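What follows is one structure encoded as structure tokens, with my remarks underneath.
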Amino acid sequence: QVQLVESGGGLVQAGGSLRLSCAASGRTRSTYAMGWFRQAPGKEREFVASIEWSVGRTYYADSVQGRFTISRDMAKNTHYLLMNSLKPEDTGVYYCAARTADAFTYQLRQAGTYGYWGQGTQVTVSS
């Protein structure tokens, strides 16, 4: 089992920045990838970014490419999502996720392939 705890959400004006953190505990040695997803009211959960834990390869949704950066601190079993140039459409509950099995690249963009989830943290971007 892997436990995930997010932090760092909040209210920010458009154009501002936030950094989310996701601390993992438990059987973290088996982690293959970590990711961030978000869900706005009335919408489905969508992929934001992911990182292959051992090699650090990263993937982003087109909507956040160039504005968001996912990174990891392997010693702390923590990964981060730095969000710059935030827009009102970035508003939502952000969830971190972990996958412990190998995966094809396309699978890292799919919420259904992650077996562990955090509780979510609210990000609100005002216009």
Side-chain angles (χ1 to χ4, degrees):
Q1 295 290 324
V2 176
Q3 294 78 44
L4 304 172
V5 178
E6 302 106 330
S7 60
L11 173 64
V12 64
Q13 288 188 332
S17 299
L18 281 174
R19 190 180 79 156
L20 306 182
S21 301
C22 177
S25 60
R27 300 182 65 178
T28 58
R29 292 184 65 181
S30 59
T31 300
Y32 176 78
M34 305 285 279
W36 288 96
F37 291 77
R38 67 187 181 190
Q39 188 166 19
K43 295 187 176 182
E44 294 187 353
R45 192 169 298 188
E46 64 174 359
F47 169 74
V48 176
S50 63
I51 185 166
E52 294 184 26
W53 194 250
S54 62
V55 298
R57 190 176 297 122
T58 59
Y59 307 93
Y60 297 94
D62 290 344
S63 59
V64 307
Q65 181 78 48
R67 299 189 297 123
F68 291 11
T69 302
I70 188 171
S71 62
R72 75 201 191 297
D73 185 329
M74 299 179 78
K76 295 182 179 179
N77 286 321
T78 299
H79 75 287
Y80 308 93
L81 185 68
L82 176 61
M83 306 183 293
N84 294 324
S85 303
L86 281 162
K87 304 175 181 179
E89 51 264 42
D90 294 318
T91 294
V93 178
Y94 282 67
Y95 299 89
C96 70
R99 179 181 170 94
T100 55
D102 291 359
F104 292 108
T105 298
Y106 76 90
Q107 291 178 302
L108 298 182
R109 298 173 178 268
Q110 299 173 343
T113 63
Y114 289 81
Y116 302 95
W117 292 85
Q119 80 286 356
T121 185
Q122 177 70 44
V123 171
T124 303
V125 184
S126 62
S127 58

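Predicted, not measured: the structure shown is a model, and the values here were computed from it.
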Beyond-backbone contact of [X] with [Y], side-chain heavy atoms, under 4.5 angstrom:
X: Leu4; Y: Met34; value: yes
X: Tyr80; Y: Arg72; value: no
X: Thr31; Y: Arg99; value: no
X: Arg67; Y: Asp90; value: yes
X: Tyr116; Y: Thr100; value: yes
X: Met83; Y: Arg19; value: no

Exercise. Counting distance only, does the side-chain N/O of Ser30 pair as donor-acceptor with the main-chain N or O of Arg27 below 3.5 Å?
Worked result: yes
For this session: Report yes or no: does Thr113 contribute a side-chain atom to a donor-acceptor pair with the main-chain N or O of Ala111 at less than 3.5 Å?
Result: no
Exercise. Is atom CD of Gln119 surrounded by more than 12 heavy atoms (other residues, nucleotides or ligands) closer than 6.0 Å?
Worked result: yes
Exercise. With hydrophobic residues grouped by side-chain heavy-atom distances under 4.5 Å, do Leu11 and Leu18 end up in a single group?
Worked result: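 No, Leu11 does not connect to Leu18 through the hydrophobic network.
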For this session: Answer yes if the side chains of Ser17 and Asn84 hold a donor-acceptor pair under 3.5 Å, and no otherwise.
Result: yes
Exercise. Going by atom types only, do Thr124 and Gln122 share a side-chain donor-acceptor pair under 3.5 Å?
Worked result: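 Yes, a side-chain donor-acceptor pair sits under 3.5 Å.
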Distance-minimising heavy-atom pair for [X] and [Y]:
X: Gly120; Y: Glu6; answer: N-OE1, 2.8 Å
X: Tyr94; Y: Val48; answer: CE2-CG2, 4.3 Å
X: Ala49; Y: Tyr60; answer: CB-CD2, 3.7 Å
X: Trp36; Y: Leu20; answer: CH2-CB, 3.6 Å

Problem set entry | Residues in side-chain contact (heavy atoms from CB on, under 4.5 Å) contact with Arg57, at least two apart in sequence or another chain |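 By the side-chain contact (heavy atoms from CB on, under 4.5 Å) rule, Arg57 matches Glu52, Val55, Tyr59.
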Seminar exercise, completed: Hits for ring-ring contact (aromatic ring centres under 6.0 Å, His included) against Trp53, two or more places apart or cross-chain, chain-then-number order -> none
